[in-house]
Amino acid sequence: LHERFTRKIIPEPNSGCWLWDGAWYPNGYGSMTSNRKAQGAPRVSWNLFRGAIPEGLFVLHRCDVKCCVNPDHLFLGTHQDNMADMSQKGRRVQMIMIVESV
C-alpha cells in the first residue's frame, strides 16, 4: 500500500504539498482503494504516516489544498473543528455564495 500510495504523489517544492495524482472523488479530494474499499487519499496518508484515525475524527488540511496528502499538512479534528477551521479561513463565505448563486 505504501508503495502504491507514494507512486501517486507529486511533491510540490514551493508549498511542500504532496499533490495527489490518482483517482478523485467528485468533490476534488483524492481517492484510493485500500482493503477493497475506496478511502480518501488524505485518510490513507494519515494511516500510513501517522497511524490509526480514532473513530469520529476527520483528516483536515492546514494548507487547504484538497489534493494535498502530505501528512505534515494534515491534522485530525471533529466535524465541528472542520466547520470552525473553514469559517476562520474565510471558506464558509465562499460556500454560501456558491450555493446562493445556483
Side-chain angles (χ1 to χ4, degrees):
L1 181 62
H2 186 274
E3 185 179 321
R4 277 183 37 228
F5 181 84
T6 56
R7 282 189 303 214
K8 298 289 185 182
I9 60 173
I10 300 170
E12 201 294 307
N14 297 309
S15 66
C17 288
W18 295 357
L19 306 177
W20 183 249
D21 191 34
W24 300 83
Y25 288 116
N27 64 6
Y29 290 94
S31 170
M32 182 175 190
T33 301
S34 171
N35 298 324
R36 297 182 179 166
K37 178 182 173 191
Q39 297 184 45
R43 291 185 72 81
V44 174
S45 179
W46 188 275
N47 282 312
L48 287 172
F49 296 99
R50 299 285 188 254
I53 301 168
E55 180 135 359
L57 293 185
F58 296 81
V59 178
L60 314 177
H61 288 83
R62 284 189 173 86
C63 61
D64 292 332
V65 176
K66 288 182 177 184
C67 64
C68 180
V69 294
N70 182 340
D72 292 339
H73 291 194
L74 305 174
F75 65 101
L76 297 180
T78 63
H79 177 70
Q80 184 175 352
D81 295 332
N82 195 25
M83 295 298 104
D85 183 60
M86 180 178 68
S87 291
Q88 183 179 23
K89 293 175 179 173
R91 288 182 287 122
R92 185 177 179 93
V93 174
Q94 293 171 355
M95 292 297 295
I96 292 169
M97 289 172 36
I98 290 169
V99 171
E100 287 177 353
S101 69
V102 173

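The shown structure was predicted, so the numbers you read here are calculated from the model rather than taken from an experiment.
Taking CD of Gln80 as the reference point, atom CZ of Phe58 lies at 11.5 Å (rounded to 0.5 Å). Here the straight-line distance linking atom SG of Cys68 with atom NE2 of His73 works out to 5.5 Å at 0.5 Å rounding.
Using a 4.5 Å cut-off on side-chain heavy atoms (C-beta onward), Asp64 and Lys89 make contact. The closest side-chain heavy-atom distance from His61 to Leu74 is below 4.5 Å. Between Met32 and Leu1 there is a side-chain heavy-atom pair separated by less than 4.5 Å. Between Trp24 and Cys67 there is a side-chain heavy-atom pair separated by less than 4.5 Å.
Counting only distance, with no hydrogens or angles, the side chain of Arg4 and the backbone of Thr33 share a donor-acceptor pair below 3.5 Å. A distance-only check finds a donor-acceptor pair linking the side chain of Asp81 to the backbone of Thr78 [under 3.5 Å]. No donor-acceptor pair closer than 3.5 Å links the side chain of Asn35 to the backbone N or O of Lys37. The backbone N or O of Met83 sits less than 3.5 Å from a side-chain atom of Ser87, completing a donor-acceptor pair.
The minimum heavy-atom distance linking Pro42 with Gly30 is given by the pair CD-O, 4.1 Å. When all heavy atoms are compared, the tightest approach of Pro54 to Leu76 is CD-CD1, 3.8 Å. For the residue pair Gly16 and Asn70, the shortest heavy atom distance occurs at O-ND2, 2.7 Å.
Screening Asn47, Val44, Ile53 against Val59 for a side chain to side chain contact (heavy atoms under 4.5 Å, CB included) leaves a single residue, Ile53.
Leu48 is connected to Trp20 through a chain of hydrophobic side-chain contacts under 4.5 Å among Ile, Leu, Val, Met, Phe, Trp and Tyr, so both are in one cluster. Note on Leu60: it does not cluster hydrophobically with Trp46, by side-chain heavy-atom contacts below 4.5 Å among ILVMFWY residues.
Ring geometry, Trp18 versus Phe49: the interplanar angle exceeds 60°, so the pair is classed perpendicular (tilted spans 30 to 60°).
Other residues, nucleotides and ligands contribute only 12 or fewer heavy atoms inside 6.0 Å of the NZ atom of Lys8.
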